[in-house]
Amino acid sequence: MGLQLGDKIPEFTVSKDDGEYFRSNEIIGKTPCVIYFYPKNFTPGCIKEACDFRDSYEDFKQEGVEVIGISSDSVKSHERFKNRYKLPFIFLSDRKGELRKLFGVKSSLFGLLPGRETYVIDQNGIIKLKFNSSSASKHMKEALRIVKAITNG
């Protein structure tokens, strides 16, 4: 079933784009964040989504929010993806799909592709948005709308 609105994010450790370990408790539960799951680096929709988050990254930072992208791509692929598109935020490598399973991210397109899902998490580590849409262009706008509501409300 996975995580739902109002759930607290459990602690996890996974490799990030620089090869170091990301320990969720270093950010989640201390600062608001956006976590977005996407299918694959260097594909048109995923490039669009990552660049949307990049182009609005300062808006998120002004609200004190960190952005984290997650796919099953390797650390090296994330590093190339970040460099090629000048992406300033954290990418996590979920090679075995453990985070997808933990969060309950469903597959899309008849189960052939990993799903695209975005979460907004408040400073207490509580899920305030769980947004699932195959349309890459909607995720950043919806996340920013909820971020502004929780940080200014």
Side-chain angles (χ1 to χ4, degrees), residues 2-3 5 9 12-24 26-28 30-123 125 127-151:
L3 299 172
L5 281 180
I9 303 292
F12 61 86
T13 302
V14 66
S15 295
K16 59 182 181 172
D17 51 77
D18 62 4
E20 298 293 319
Y21 282 111
F22 174 86
R23 290 168 183 78
S24 63
E26 294 174 359
I27 293 179
I28 298 172
K30 295 183 178 175
T31 185
C33 62
V34 171
I35 295 178
Y36 79 95
F37 287 85
Y38 64 99
K40 186 135 184 72
N41 290 341
F42 300 105
T43 57
C46 297
I47 293 167
K48 165 87 174 110
E49 185 175 23
C51 290
D52 283 350
F53 276 108
R54 176 200 64 203
D55 294 347
S56 294
Y57 187 63
E58 284 306 312
D59 295 331
F60 287 101
K61 293 308 281 183
Q62 284 177 359
E63 300 294 332
V65 175
E66 187 54 70
V67 175
I68 301 168
I70 302 174
S71 78
S72 62
D73 292 294
S74 69
V75 169
K76 287 281 188 203
S77 178
H78 282 321
E79 182 181 39
R80 287 191 309 272
F81 191 54
K82 277 185 74 161
N83 289 337
R84 174 127 182 231
Y85 296 100
K86 298 180 179 22
L87 305 170
F89 44 88
I90 299 166
F91 283 88
L92 304 180
S93 180
D94 185 28
R95 298 292 289 167
K96 296 179 182 173
E98 294 165 351
L99 291 179
R100 275 184 188 280
K101 186 174 181 181
L102 173 69
F103 279 76
V105 178
K106 293 180 175 39
S107 296
S108 62
L109 194 63
F110 311 112
L112 299 175
L113 290 175
R116 184 181 307 279
E117 203 158 293
T118 298
Y119 295 79
V120 173
I121 300 149
D122 72 9
Q123 68 277 6
I127 297 173
K128 296 297 182 181
L129 170 72
K130 181 177 180 178
F131 182 72
N132 182 320
S133 173
S134 59
S135 175
S137 63
K138 294 180 180 178
H139 286 259
M140 185 283 299
K141 290 175 187 168
E142 187 64 14
L144 189 57
R145 184 180 73 77
I146 297 299
V147 158
K148 288 186 180 216
I150 66 171
T151 58

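Given the structure is predicted, the values throughout are model-derived calculations rather than measurements.
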Non-neighbouring partners of Glu58 that pass side chain to side chain contact (heavy atoms under 4.5 Å, CB included), sequence neighbours left out: Lys61
Mind telling me whether Phe81 and Phe91 have parallel, tilted or perpendicular rings, with 30° and 60° as the class edges? perpendicular
Ser77: side chain to side chain contact (heavy atoms under 4.5 Å, CB included) partners, not counting sequence neighbours: Asn41, Phe42, Asp73, Ser74, Arg80
Rounded to the nearest 0.5 Å, how far apart are NZ of Lys128 and CD1 of Ile121? 11.5 Å
Sequence neighbours left out, what passes ring pair (Phe, Tyr, Trp, His ring centres under 6.0 Å) with Tyr21? Give chain and number order. none
Would you indicate whether the side-chain heavy atoms of Ile70 and Val14 approach each other to under 4.5 Å? no
Is any side-chain heavy atom of Ile28 closer than 4.5 Å to a side-chain heavy atom of Ile35? yes
Under 3.5 Å donor-acceptor, Arg100 side chain and Pro114 backbone: no
So does Lys16 have more than 12 non-hydrogen atoms from other groups sitting under 6.0 Å from NZ? yes
Check the pair Thr43 / Tyr38 against side-chain contact (heavy atoms from CB on, under 4.5 Å), numbers first and verdict last. CA-CA 10 Å; Thr43 57; Tyr38 64 99; over 6 Å; no
Do side-chain atoms of Tyr119 reach the backbone of Phe103 as a donor and acceptor pair under 3.5 angstrom? yes
Return the set of residues passing salt bridge (charged side-chain N to carboxylate O under 4.0 Å, His left out) with Asp94 (not counting sequence neighbours), or none when no residue passes. none
Quick one: does Thr118's side chain have a donor or acceptor within less than 3.5 Å of a partner on Val34's backbone? no
Taking salt bridge (charged side-chain N to carboxylate O under 4.0 Å, His left out) as the test, write out the residues that go with Glu142, two or more places apart. Arg145
Closest heavy-atom contact between Val75 and Ser93? N-OG, 3.8 Å
List in chain and number order the residues that pass side-chain hydrogen bond (donor to acceptor under 3.5 Å, both in side chains) with Lys82, two or more places apart in sequence or in another chain; answer none if no residue qualifies. Asp17
Taking the side chain as C-beta and beyond, is there a heavy-atom pair between Ile90 and Glu66 under 4.5 Å? yes
List in chain and number order the residues that pass side-chain hydrogen bond (donor to acceptor under 3.5 Å, both in side chains) with Asp59, two or more places apart in sequence or in another chain; answer none if no residue qualifies. none
Heavy-atom closest contact (Pro39 atom, Cys46 atom, distance): CD-SG, 3.4 Å
Report the distance from atom CG of Asp122 to atom CG of Leu129, rounding to the nearest 0.5 Å. 12.0 Å
Please identify each residue that fulfils side chain to side chain contact (heavy atoms under 4.5 Å, CB included) with Glu79, with sequence neighbours left out. Lys76, Asn83
Working to the nearest 0.5 angstrom, can you tell me the gap between Ser15 OG and Glu20 CD? 9.5 Å
Under the side-chain hydrogen bond (donor to acceptor under 3.5 Å, both in side chains) rule, collect the residues that match up with Asp52, sequence neighbours excluded. Lys48
What residues, two or more places apart in sequence or in another chain, satisfy salt bridge (charged side-chain N to carboxylate O under 4.0 Å, His left out) together with Arg95? none
Assign the ring pair His139 / Phe131 to parallel, tilted or perpendicular, where the plane angle (0 to 90°) is split at 30° and 60°. perpendicular
Measuring only between side-chain heavy atoms, which start at C-beta, is Leu99 closer than 4.5 Å to Phe37? yes
Dump the intermediate steps for side-chain contact (heavy atoms from CB on, under 4.5 Å) on Leu102 and Glu98, then the final yes or no. CA-CA 6 Å; Leu102 173 69; Glu98 294 165 351; over 6 Å; no
Quick check: do Met140 and Tyr36 have side-chain heavy atoms less than 4.5 Å from each other? no
In Å and rounded to the nearest 0.5 Å, what is the CD1 to CG distance from Ile127 to Leu3? 4.5 Å
By side chain to side chain contact (heavy atoms under 4.5 Å, CB included), which residues pair with Lys141, not counting sequence neighbours? none
Return the orientation label for the Phe89 and Tyr57 ring planes: parallel under 30°, perpendicular over 60°, tilted otherwise. tilted
For Glu117 versus Lys106, what's the shortest heavy-atom pair and its separation? OE1-N, 4.2 Å
Could you walk me through whether Arg116 and Ser135 pass the side-chain contact (heavy atoms from CB on, under 4.5 Å) check? CA-CA 8 Å; Arg116 184 181 307 279; Ser135 175; over 6 Å; no
Calculate, to the nearest 0.5 Å, the distance between atoms CG and NE2 belonging to Leu87 and His78 respectively. 11.0 Å
With heavy-atom distances below 4.5 Å as the criterion, would you say the side chains of Ile27 and Phe22 are in contact? yes
Can you name the nearest heavy-atom pair linking Lys138 to Ser133, along with the distance? CD-OG, 3.9 Å
Excluding sequence neighbours, so at least two apart, what forms side-chain hydrogen bond (donor to acceptor under 3.5 Å, both in side chains) with Gln123? none
